[in-house]
Amino acid sequence: MSRLLIRGGTVVNADRKFVADVYCEDGIIKQVAPNITQPSQCEVVDATGKLVMPGGIDTHTHMQLPFMGTVAVDDFYSGTRAAVAGGTTMIIDFVLGSRGTSLLDAYDQWRGWADPKVVCDYSFHVGVTWWSEQVGKDMKKLVDEKGVNSFKMFLAYKNVFQLDDSELLASFKVCGEIGALAQVHAENGDVIDDQSKRMIELGITGPEGHAMCRPEEVEGEATTRATVLAHQVNCPLYVVHVMSKSAADAVLDARKKGRIVFGEPIAASLGTDGTHYCHHDWSHAAAHVMGPPLRPDKGTPEYLMKLLASGQLDCTGTDNCTFNRNQKAMGRDDFRKIPNGVNGVEDRMSVIWEKGVHAGMMDACRFVAVTSTTAARIFNIYPRKGIIAPGSDADIVVWDPEASRTISANTHHQAVDFNIFEGMTCHGVAVVTISRGKVVWDHGKLNVERGAGRYIPREPYSTIVYDTILRRNTTRQPQKVDRKPYSGPVWTKDGDIMVGDAAPASAESSAADDTPTKDTSSSQTTTPGSSSRRTEAPGGGRASSRVLQPPGGGGSGIFFG
Ligand code: URP
Ligand code: ZN
Ligand code: ZN
């Protein structure tokens with residue numbers, strides 16, 4: 001039996017902080033209380049003067065992603081090693097199979113890459129990189145059999161991953177039917193395709209062209225479009241890598257309208273900006289190329305941080321997808337060939353502490369929420385992850401808020417040879433990281449084992465994502481208006497006018513009057529296309545089936561609200 005006691009620290013959860021010891025056995029937290037008696041054969045971590053927090057959950061990584069003619073250089077080993085060195089104890093990576101590949105085959109392939117290498121726990125979102133009826137069926141299988149509850153759809157990467165609006169609608173509908181969260185890469189791929197050609201015609205071949213051909217509104221438009229499409233089919237939406245004020249505002253607008261939309265800024269968008277694209281050194285500029293790009297508006301990181309601090313954006317990832325200088329150089333004559341992606345998995349926690357907590361914009365509890373707890377709730381692994389409490393996994397970071405470190409590619413643990421946060425001094429350092437009850441990072445020393453991490457399956461119908469959606473499946477169905485049938489003249493296509501009983505009224509309909517009715521019967525109402533929609537909360541709590549007539553009486557075929 002492995003035993004570990006973390007002594008004398010201040011436990012910080014998303015809701016409160018308090019002084020307590022934390023005792024773990026065989027990878028599970030057993031007790032959280034002051035002055036726990038040390039059992040025999042128990043390793044002790046001294047956390048005096050330190051914060052004891054749930055390990056970070058990075059919601060967005062791409063380890064060893066085959067992409068744009070090469071493969072991301074941080075694999076599931078170096079990537080997760082770097083993660084724990086920065087206080088992150090779980091990553092959620094993306095299975096992104098190429099067009100035409102079965103989603104199930106792609107999932108198996110990614111599992112085969114990750115399982116032998118990961119040093120901490122991980123899970124998978126799956127990319128819907130093309131569309132067919134079979135893809136929809138495979139999504140259901142992934143939910144039912146493989147523990148996947150989130151799917152990423154692309155509005156960009158034309159001819160590679162991009163879906164058109166009808167395909168987006170179809171995939172969102174499937175998500176709604178299987179209790180999964182739809183995620184979007186929100187950029188208008190057609191605009192990017194067109195405008196990037198224009199940049200090349202203008203002779204703008206350098207990394208600045210990457211940002212110039214996809215200005216903020218291109219991200220904002222796609223974000224708004226995704227929220228509208230998702231709302232039309234009552235599907236919850238999660239916007240990955242929110243990179244601009246425009247995209248954040250689109251998320252906020254949708255939320256103000258009551259839509260179930262989550263927003264994920266990343267370490268890069270919170271910690272740096274797009275002025276680097278104009279750097280005189282080509283490699284420096286190219287190292288920042290990612291999609292959507294960092295924004296030249298220097299106020300963007302603070303804007304996003306304020307929204308994150310105030311609960312208007314939700315949780316944080318990194319989009320860690322790293323390429324070395326020589327890989328980036330594939331696009332030395334044409335920015336369209338620069339592999340897209342930046343680092344972040346190691347530094348996310350420190351960057352958010354520095355720009356959020358140290359800067360006085362959020363407290364330590366909110367820090368825990370945005371780096372761990374909210375992700376656990378959205379992706380339905382709470383309270384297994386995301387909290388220091390008895391019964392939870394012993395994924396823990398001991399954090400020194402007084403210590404500082406300066407980020408550099410020379411000292412980081414990632415495989416990539418560049419760091420977009422180079423030279424940034426961060427107050428707030430992970431001094432000890434514990435994964436599954438084992439100390440894997442201790443004051444600058446790694447003690448990790450390839451394959452020690454586990455795949456974490458995730459159930460569908462997360463409460464925070466689905467309870468409101470399920471209720472709306474019942475309460476916000478459009479209703480037909482009961483009225484007397486029309487009995488006047490009808491123009492026919494031959495030009496004749498039929499008068500009188502062309503369309504005799506049925507006994508039932510002739511009994512109806514002109515007043516729109518409120519149907520309060522207990523039978524469930526369905527509309528075409530919604531027959532398989534779930535209307536009960538998982539766990540047996542039956543959602544109300546009272547059907548409300550929308551104001552004005554007319555059903556328009558859309559969800560109201
Ligand atoms: O530039 C990026 N973001 N690379 C990774 C793929 C993606 O779109 O997330
Ligand atoms: Zn993306
Ligand atoms: Zn990504």
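Numbering of ligands and ligand atoms starts at 1, following listing order.
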Enquirer: Run the numbers for me: atoms of ligand 1, each under 4.0 Å from some heavy atom of His241, listed by number.
Expert: 8 (O), 9 (O)
Enquirer: In the protein, what heavy atom is nearest to atom 4 (N) of ligand 1, and what distance, to one decimal place, separates them?
Expert: Asn340 O, 3.1 Å
Enquirer: Are Glu177 and Lys173 within salt-bridge range, i.e. N to O under 4.0 Å?
Expert: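 No salt bridge links Glu177 with Lys173.
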Enquirer: Looking at atom 3 (N) of ligand 1, what's its closest protein heavy atom, distance included?
Expert: Asp319 OD2, 2.6 Å
Enquirer: Identify, for atom 1 (O) of ligand 1, the protein heavy atom at the shortest distance, and state residue, atom and that distance.
Expert: Gly291 N, 2.8 Å
Enquirer: If you measure from the Lys or Arg side-chain nitrogens to the Asp or Glu carboxylate oxygens, is any gap between Asp249 and Lys245 under 4.0 Å?
Expert: no
Enquirer: List nothing but the number: protein N/O/S atoms under 2.8 Å from the Zn ion (ligand 3).
Expert: 3
Enquirer: Answer yes when Asp193 and Lys197 have at least one side-chain N-carboxylate O distance shorter than 4.0 Å, and no when they do not.
Expert: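 Yes, charged N to carboxylate O under 4.0 Å.
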Enquirer: Taking the six-membered ring for Trp, are Phe379 and Phe262 closer than 6.0 Å centroid to centroid?
Expert: no
Enquirer: Could you tell me whether Tyr157 approaches ligand 1 through its side chain, its backbone, both or neither, with non-hydrogen atoms closer than 4.0 Å?
Expert: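 Side chain only.
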Enquirer: With under 30° as parallel and over 60° as perpendicular, where do the rings of Phe67 and Tyr157 fit, or are they tilted in between?
Expert: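 Ring orientation, 0 to 90° scale: perpendicular.
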Enquirer: Enumerate the atoms of ligand 1 whose separation from the nearest heavy atom of Gly341 is less than 4.0 angstrom.
Expert: 1 (O)
Enquirer: Are the side chains of Met290 and Ile420 in contact, using a 4.5 Å heavy-atom criterion?
Expert: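 Side chain of Ile420 against side chain of Met290, heavy atoms only: no contact under 4.5 Å found.
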Enquirer: Do the ring planes of Tyr122 and Phe76 sit parallel (below 30°), tilted (30 to 60°) or perpendicular (above 60°)?
Expert: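 Tyr122 vs Phe76 ring planes: tilted.
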Enquirer: Apply side-chain contact (heavy atoms from CB on, under 4.5 Å) to Thr406 and list each qualifying residue two or more places apart in sequence or on a separate chain.
Expert: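 Checked Thr406 against side-chain contact (heavy atoms from CB on, under 4.5 Å); matches are Thr425.
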Enquirer: Restricting to non-hydrogen atoms, name the atom on Gly311 and the atom on Arg255 that form the minimum distance, rounded to 0.1 Å.
Expert: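 For Gly311 and Arg255, the tightest heavy-atom pair comes out as O-NH2, 3.2 Å.
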Enquirer: Nearest to atom 7 (C) of ligand 1 by heavy atom, Lys152, His60, Met290: which?
Expert: Lys152
